[in-house]
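Before any comments, here is the structure.
Lettering follows sequence order; numbering is per chain, from 1. For the numbers below, each heavy atom of this structure counts, side chains included, while hydrogens, waters and symmetry mates do not.
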Amino acid sequence: MASPLLENLNPEQLAAVTLPHVSALILAGAGSGKTRVLTTRIAWLLATGQASPLSILAVTFTNKAAKEMMSRLSALTPVNTRGMWVGTFHGLCNRMLRAHYRDAQLPQAFQIMDMQDQLAMIKRVYKAHNIDDERFPARQLQSLINASKEEGLRPNQVEAHDEFTRRQVEHFALYEQACQRDGVVDFPELLLRTYELLTQHEGLREHYRRRFSHILVDEFQDTNVLQYKWLKQLTSPQTSVFAVGDDDQSIYAFRGANVANMQHFERDFANAAPVKLIKLEQNYRSHGRILDAANALIKHNQARLGKNLWTADAEGEPVRAFAAPSDIDEAAFIVDVVNGLVADGVSPAEIAVLYRSNAQSRVVEHALFNAGMPYRVYGGMRFFERAEVKHALAYLRLIASPADDGAFLRVINFPPRGIGARSIETLQERAQATGSSLWQTACSQPVAGRAGSSVAAFVGLIESMRNATHGLPLPEAVDHVVHASGLLAHYTGEKDGQERVDNLQELINAADGFLRETEREIGEGGDDPLMSFLSHAALEAGETQAAEGRPALQLMTVHSAKGLEFHTVFVTGLEEGLFPHENSMSEFDGIEEERRLAYVAITRARRRLYLTHAQSRMLHGQLRYNVASRFLEEFPDGLVQWLSARRRDFTMVEDAAPATRVVAREVPGWRIGQSVKHAKFGLGIIIDAEGRGDDARVQVNFREAGVKWLALEYAKLQPA
DNA sequence: AAATGTGGAATTTTT
DNA sequence: TTCCACATTT
């Protein structure tokens, strides 16, 4: 078969793409063409008539991945992909719940809460039931709720072995009641409710099982217990499940990802035929030495399915490492190298600085700013999370779903309209007493006087907005609400309000863009555009910040770099305590997860890889001295080229920025920050010193043995 | 209702 | 140190 679709696939990719109607686990290494295989598989199923678009469901974790899949797929197939279900777990579940809201026991206009909304809801529950948030921190309950749901557990199924947990589970149950009354669902609820819908309604379950004969799952190593159960519900002996993942890139255990799903897959999804296992190990991204480093590092993990990346490409540049005296010097080094690369014609946008934790970006930003180098920091506030945008959305939510107390409280006095805390509390008490929503309570307003009339005016405002926007095209409805609510006027009058005004305008644009993008799909569900837009706003928080005009250096955590690639990558802060993070050391599988994280970082690089660590760094307002990361020791000799600075005398560098350095309490011959070796304790770093001559003692932070004071006269310390 | 002060915590993050 | 949530002040 000379299908152009299959051209240039390597034998393993070809085997995966053209697999018969069985379930399969594709172990796809970093840069092995995972997305290509996934999309080509779908295109091939369509091209050979083995599947119609209606019979395909493809699920991802992020909206970005879903979009990417759709756009690459449309380039591969002439078949109209409408009717295919491609989306995130949450997006697909939302779709099912909208279609079967009655069976799912939800109101038609149920709203989705993001994490902020969820926390606010918990605090409201606390207030209504006089729960002490000192004893029961709201965030802790939030974690318990989400973790429980992600394991598929309702409050009555959560095991509580102690009194504290028992109380928390009670609060969990109260929270669920409140959500149900308000007609709101949190993120994990979307999945859990859909899962229960399928388990409890055989007709529906059979319908979807018959419909989706092909289910494809991206990033399978990131699935949690509930997602796995959900997939099982959709699967019959006739279903082909094509799961793509990489156990070596499993870095989300902390949010419930369960790599064991990969091991269980072979057992649980073997139906008519055994599950096929295919490994994609040829890497199309990186030069040889980068892969050598990645392979060498990940070999130190015990729990692996086992994979080794290789490339037909060149060995390339050596991997380089740099030991900086301080975090400031580390940043200066990065600026130096970047300047050199940019002078050589590498675009700054093709260079990434990766770090373990966000706090590390500050020093690098500072150095880049002073060097006049454009950069972009990932992470932070998303568009739909901004206060002004959430306010506008709350008005829209209240129009669509008046029982939504969260939305009600957000805007009842914003912009300020003279409804004080007192009136709101009275309203809440009465709502609590009658078991009705704040909106209902506000409508049946028997309170006389000024407060009563303000509340009545608010009710009138929302009702007039509902009438005025009824039947309007979505962007015009949003436009109306932004004006009629007084939000625009409020921010226009405020100093520093321009950005917020811009964001409100941008919300109108977003509504317009959303309408255009979904136009083709409307008719299929006959959905209310406002409802869809509100779901969209909750499920897709939007970009962190608009892309810069000129190409900018990319700064991000290793986690957010997953799935991306760059010409040059700096992996920074490779220090014990930071990377691997100290918290991970007490966690189950913690160090191995940190190592996978380092593996992800390394495999982002196409051509050049720099590994850096700093011997001292400012952390939580204190200067800390860290030993180089164990990961740096896990590369075979000769693979990593240490740059001159390791040999260079520290004092040279210290002279460059003397003001930033603590003047060491001098012990002749030794320096704070110096790496040393001890016969018994091994490698360490000098972090303090005192005394002179025979009394001279140094404090050393040993990698293995911890912090110790040593008398120089007796301890046979060697410079390392 | 905004402005200012205080205490505590400070991996990683998407939906 | 720096950020945030929350409390108190003005």
Side-chain angles (χ1 to χ4, degrees), chain A residues 59-66 87-94 112-120 123 133-134 137-140 143 146 149-150 185-192 194 218-219 222-224 226-227 230 250-257 327 354-363 366 378-382 384-385 413-422 490 494-496 535-542 544 556-563 573 575 577-587 590 593-594 596-598 600-601 617-624:
Chain A
V59 61
T60 63
F61 276 85
T62 64
N63 293 299
K64 196 176 161 199
T88 63
F89 280 99
H90 295 83
L92 297 176
C93 285
N94 181 47
I112 303 166
M113 291 186 291
D114 66 12
M115 298 281 277
Q116 280 179 44
D117 300 334
Q118 185 187 34
L119 193 66
K123 288 180 178 171
D133 62 350
E134 298 269 297
R139 284 190 185 279
Q140 207 180 329
S143 308
N146 291 341
K149 289 190 183 185
E150 279 167 2
V185 298
D186 57 39
F187 286 134
E189 184 72 26
L190 285 168
L191 273 134
L192 183 50
T194 309
D218 191 21
E219 304 279 19
D222 288 340
T223 50
N224 63 32
L226 180 54
Q227 286 157 340
W230 181 87
S250 165
I251 55 174
Y252 284 116
F254 70 91
R255 67 176 200 213
D327 47 356
L354 308 185
Y355 35 80
R356 178 67 237 279
S357 67
N358 289 303
Q360 287 168 254
S361 74
R362 168 170 264 96
V363 180
H366 186 80
Y378 281 72
M381 187 69 73
R382 312 286 228 41
F384 286 111
E385 291 167 358
N413 197 35
F414 198 92
R417 45 176 73 89
I419 304 179
R422 221 33 245 290
H490 174 80
E494 209 179 46
K495 58 174 181 351
D496 304 330
S535 292
H536 168 81
L539 291 175
E540 162 135 52
T544 299
M556 66 189 84
T557 62
V558 180
H559 281 94
S560 22
K562 187 166 162 229
E575 294 141 39
L578 195 61
F579 199 179
H581 197 279
E582 55 191 347
N583 294 0
S584 73
M585 299 185 193
S586 53
E587 283 163 12
E593 176 131 329
E594 295 289 303
R596 290 192 287 271
L597 199 50
V600 166
R617 114 172 21 248
M618 200 52 112
L619 198 63
H620 306 327
Q622 277 193 317
L623 197 59
R624 296 224 330 205

In dot-bracket form, how is DNA chain B paired, counting a Watson-Crick or G-U wobble pair only if both its distances are under 3.5 Å and using | for bases paired to another strand? ||||||||||.....
Do we get A:Arg255 above A:Tyr252's six-membered ring, with its NZ or CZ under 6.0 Å from the centre and within 45° of the axis? yes
Side-chain N or O of [X] versus OP1/OP2 of [N]: is the shortest distance under 4.0 Å?
X        : N      : answer
A:Asn358 : B:dT13 : yes
A:Lys64  : B:dT13 : no
A:Asn583 : B:dT12 : no
A:Ser584 : B:dT11 : no
A:Arg382 : B:dT15 : yes

Which residue lies more 5' along DNA chain B, comparing A:Ala359 with A:Ala538 via nearest heavy atoms: A:Ala359
Measure the distance from [atom1] on [X] to [atom2] on [N] and round it to the nearest whole Å.
X        : N      : atom1 : atom2 : result
A:Asp218 : B:dT14 : CG    : C1'   : 14 Å
A:Met585 : B:dT11 : CE    : P     : 14 Å
A:Arg255 : B:dT11 : CZ    : P     : 18 Å
A:Met115 : C:dC4  : CE    : P     : 16 Å

C:dA5 versus B:dT12 - spacing of their P atoms, nearest Å: 15 Å
Say we look at B:dT13 and C:dC4: how far apart would their P atoms be, to the nearest angstrom? 15 Å
Side chain of [X] only, please: which of [options] is the nearest?
X        : options               : value
A:Pro416 : B:dT12, B:dA2, B:dT11 : B:dA2
A:Leu539 : C:dA5, B:dT11, B:dT15 : B:dT15
A:Arg362 : B:dA10, C:dC3, B:dT15 : C:dC3
A:Asn413 : B:dT12, B:dT15, B:dA1 : B:dA1
A:Arg356 : B:dA10, B:dA2, B:dT12 : B:dT12

When all nucleic acid strands are considered with a 4.0 Å heavy-atom cut-off, which category describes A:Phe89: base, sugar-phosphate, or nothing? nothing
is_close_aromatic(A:His90, A:Phe61), centroid dist under 6.0 Å: no
Run the ring pair (Phe, Tyr, Trp, His ring centres under 6.0 Å) check on A:Tyr355 and A:His559 step by step: do they pass? CA-CA 9 Å; A:Tyr355 35 80; A:His559 281 94; over 10 Å; no
